[in-house]
Peer 1: 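Below you'll find the structure I mean.
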Amino acid sequence: MNPRQLADLVDRHGPALVLYARQWSAVPEDIVQEAFLKLIRQGKMPPEPVAWLHRVVRNAAIDAARVEQRRLRRESAVVGRWFTDAALEGLDVAAAVAALADLPVEQREVIVARLWGGLSFEQIAELAGVAASTAHRRFAAGLAALRERLGLPQSLELE
Amino acid sequence: MAEPRLSELLQRLTPHGVGLDRDLLLFEAGKQAAQPSRFWPTATSLLALSQAILLAALLWPRGPRDAEPIPLAVVPVEAPEAGTLVADLVHWLATEDLPGPTSRVLQAPDSPLRAAEGRHWADE
């Protein structure tokens, strides 16, 4: 594996993968780190490395969450570490993070994988083991719930 | 100016990924990429193995070999002429019947030391 290729993956997708793992696990950095190490040990790059990494992270995060259910609930309350931004014009970051954290994990997973992971609905559907239409519906429902929770006007249309 | 969509707003947020050890990952990737050639370790292992097999073969205790019987060739020999020394010898080897002391083999016919039969020197 080309180290430059890996560095690019880490820089471009590492934080999004951490955010994705955070949907289940209290130790998302460890899980993403392990996923990258697994990719390195594999030797060759999979055809879709970003989707591959999301799949590995998802499986590991869900496994970790099963082991540490109690700890996960405690850590989930700490929502301030999800993003580096403290403020964003037109959006209350703290309220957005809190609203995201309150979403059902099925909807949150799709939103995180789509918006920050950059995956297609087909890739997300394959990850979650559902149909692409289901993934799209969860995404729309999650965004609608966020919009309502954040008190945003309906003019903020969905994708 | 049109308001941005909620998804676009959310996308502006940068996920927090400080906990990743980027240096360790790159180190591991470099290590993986620079794997040494396996030729020499393999060649060395094969040579060592062949030496061990050879040593074992040399030191292994072996029983007597069952040698192939050597075929004997029967060469026809002409019978020696009767009355000759060779004929007497062949006869003796076959029968172990040694000729008597008066045989011409042991005593020349013209020997001055001829033993007198039935007489002893002390009788004279």
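When reading the values below, keep in mind they use all heavy atoms of this one structure, side chains included, and skip hydrogens, waters and symmetry mates. Numbered from 1 within each chain, the chains take letters A, B, ... in sequence-line order. Note that the structure is a prediction, hence the values are computed from the model and not measured.
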Peer 1: Using ring-ring contact (aromatic ring centres under 6.0 Å, His included) as the criterion, list what pairs up with A/Trp52, not counting sequence neighbours.
Peer 2: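 For A/Trp52, no residue satisfies ring-ring contact (aromatic ring centres under 6.0 Å, His included) once neighbours in sequence are set aside.
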Peer 1: I'd like to know if the side chain of A/Arg108 reaches the main chain of A/Leu103, judged simply by a donor and an acceptor atom lying under 3.5 Å from each other, with no hydrogens or angles considered.
Peer 2: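 Yes, because the side chain of A/Arg108 sits within donor-acceptor range (under 3.5 Å) of the backbone of A/Leu103.
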Peer 1: Do A/Leu53 and B/Leu24 share a hydrophobic cluster (ILVMFWY, side-chain heavy atoms under 4.5 Å, transitive)?
Peer 2: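 No, no single cluster joins them.
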Peer 1: Counting only non-hydrogen atoms closer than 4.5 Å, can you tell me which residues of residues 3-19 of chain A sit against chain B?
Peer 2: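 Contacts with chain B: A/Pro3, A/Leu6, A/Ala7, A/Val10, A/Asp11, A/Gly14, A/Pro15, A/Ala16, A/Val18, A/Leu19.
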Peer 1: Sorted by first residue and then second, give each ring-ring contact (aromatic ring centres under 6.0 Å, His included) pair with at least one member in residues 30-56 of chain B; sequence neighbours left out.
Peer 2: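 Matches after skipping sequence neighbours: none remain.
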Peer 1: What pairs of residues pass the salt bridge (charged side-chain N to carboxylate O under 4.0 Å, His left out) test when at least one of them lies in residues 28-52 of chain B, not counting sequence neighbours?
Peer 2: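 Qualifying pairs: B/Glu28-B/Lys31.
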Peer 1: Quick check against the 3.5 Å criterion: does A/Thr84 have a side-chain atom that pairs as donor or acceptor with the backbone of B/Thr14?
Peer 2: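 It does hold such a pair.
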